[in-house]
Amino acid sequence: MKTGRILKSAFKGLGKNKLRTFFMMIGIVIGITAVTIVISAGLGAQNKIMERVKKFGLESLMIFAGGGREMGQPTSGGPITTLKIEDAEALKREIGNIAGVAPFNRKGDGVVKHQEKSITTRIFGVTPAWAPVWDWYAAQGEFITDEDEARMARVCVIGPTVQQELFGGANPIGEQIRIGNVIFEIKGIMQPRGISPGGGDMDNRVYTPLSTFMRRVANVDYIFGIKVLLKDARKIDETVVTIKSILRERHKLAAGEPDDFRITTPTEVTQFAEKVVGTFNIFLVLVAGISLIAGGFVIANIMLISVSERRGEIGLRKALGARNRDIRFQFLLETLVVTITGGIIGILLGFIGSTILGAVTQLPVSISWEGVMLGILFSSLVGFIAGLQPAKRAAALQPIEALRS
Amino acid sequence: MRAIVKVKDVSKVYKKDSGVPIYALRNVSVAIGDGEFVAIMGPSGSGKSTLMNVLGCLDRPSEGEVLIDGQKVNLLDDEALARVRNQKIGFVFQSFNLLPRTSAIENVELPLIYSERDKISGLAKAALENVGLGDRLNHQPGELSGGQQQRVAIARALVNDPEIILADEPTGNLDSRASYEILALFQQLNRQGRTVVIVTHEPDIAEYATRIIKIADGAIESDAANLNVRRAEDVLKKIANTVEVKS
């Protein structure tokens, strides 16, 4: 009741001097707008990363040939030839926590042709286990089978992008395409999957049996990587240790020699992405913070002026029985009303800003309750800190001193 | 007669920069009883405003005792004094001191929000009706005449049912007709049993009180019953007649 009335008069006070209110609010509005945009953009980026990680699978890990390099850095030197199909089979056989292994090899920029049309795509050599391990199946026709693998059949399954580019709307199953000099028959089309964790189009691919790929496309006896599907994702750390020791033993690596393979887990992917987003956010939050602090000083200053202008009112209220804490509460509340109103305006502008930013830059933007809560929290905090000193000064005025003016 | 306010040997000293003490009040003792209508008179600088501030618990005396309704208040802390002002004293000021752009009823409600009586509804409305402004509840000060504004201020002084009304030059900013209306209102409130103290420098105004205390140089010069109390209503009637004759 009492608070409600003081709140009402605080709002009334805001309306009385619009220009002053504007100056008081502007810093907060800018600061909170910035905070909201940062949070929206950061959250959007994080959501996108998580979405991609989920595509990769949270209960799986990836073994790549070649060791020692950080994620995101290019491979140096020639191809690593030590990872073999037999390694994948051994892991499957020896580790109880492994539900499936999908050894594969690939070629980055293979040109695939159908009549006059051609497309640059990624060519994969995979085993039938690829489908269950990735949880990714043929949408039409069928995927690579054990028989294809055993016969070294010249068949392939294509991604929707390849289908679109080479055949338009027409049904490609049974049609032939040419990879290098080898003719392959299309036996299936993959389910669409969109963008990979690395940013590539996962639908611009052609899958062939691994045996066919190794013999006829790449002419190698090693593989590029193994995707491992776990039975229990919680035991991922132990499993990684076991995989390492088995592979080191199979590759006859002496103690002290570095790994000639690299294991990537979903946590690693997430952490890397979060590190990038985090650095960006710290910078922007700093900018927002400076703006909020500057805004806070302006507010404190204007409130101090307001206190000395309203000495008469303060004296009157005290004469009528307001205690020091009633006056303190009133002025603190007035400051909070300014900053929280500014904060709400900032949140709204931030949402509008992030939506525009998202549309213009094609960056993912996500609007969240966390952003709203943080905006309100920050603006309250600034209001509280900025309002404290003016409120104290108002409360300390002696009634006769104040009434005299 | 029960004393509402009692001051005993009260002095108020201000120390100037030179270190020479200035006495605004010097050993003043006075008691104001229940139901009295007292005028405190004196020229400006006589100490009458200081006395009023001490009586109203707006200021503490340097020496001496102040009792309000039997309670010794000169030693109370700020919070307790605020409570005394809120519940025992109703202030009326020369320049009305209404909150601008705030309706009459909200102005009158102001003392209620600092008391426990804010949950009793209708108090502010009743107080405004009591001063004849029952039809101006939602008018803002800017929409009211000076006399009406001062009546809003009186309603505000009455709303917490105080022991005493302290009015500091209540007619100082009003024309003569409005002044008599305010004096008539004070006299009416006094007849209803309300204790009223007005501070004024105009002898003419003091004639409407039942007791006149004259102050000069921080001390009481005289303190006597007014044997010839004038009735403000009579003056108002006379003014009304004059206007009729003229028109």
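A, B, ... follow the sequence lines: proteins, then strands. Residue 1 opens every chain.
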**Prompt:** Once you round to the nearest 0.5 Å, how far does CG of B:Asp168 lie from CG of A:Leu403?
**Reply:** 9.5 Å
**Message:** Would you compute the distance between atom NZ of A:Lys318 and atom CG of B:Leu58 and round it to the nearest 0.5 angstrom?
**Reply:** 10.5 Å
**Message:** Taking side chain as everything from C-beta outward and backbone as N, CA, C, O, which of these in B:Asn97 sits under 4.5 Å from a heavy atom of chain A? Side chain, backbone, both or neither.
**Reply:** both
**Request:** First locate atom CG of A:Leu320, then atom CZ of B:Arg156, and finally report the distance between them rounded to the nearest 0.5 Å.
**Result:** 5.0 Å
**Complete:** Separation between CG (B:Asn86) and CZ (A:Arg317), nearest 0.5 Å, reads 12.5 Å
**Request:** Taking all heavy atoms of B:Arg85 and all of A:Ala322, pick out the closest pair and write down the distance.
**Result:** NH2-O, 4.4 Å
**Prompt:** Side-chain contact, heavy-atom cut-off 4.5 Å: A:Glu313 with B:Leu99?
**Reply:** yes
**Item:** Heavy-atom donor-acceptor pair, B:Arg83 side chain to A:Gly321 backbone, under 3.5 Å
**Value:** no
**Message:** Nearest 0.5 Å, please: how far is CD1 in A:Ile400 from SG in B:Cys57?
**Reply:** 12.0 Å
**Prompt:** Of all heavy-atom pairs between B:Ala82 and A:Arg323, which one has the smallest distance, and what is that distance?
**Reply:** CB-CG, 3.8 Å
**Request:** To the nearest 0.5 angstrom, please state how far the CG atom of B:Asp59 sits from the CD atom of A:Gln398.
**Result:** 8.0 Å
**Prompt:** Can you name the nearest heavy-atom pair linking B:Phe93 to A:Leu316, along with the distance?
**Reply:** CE1-CD1, 3.6 Å
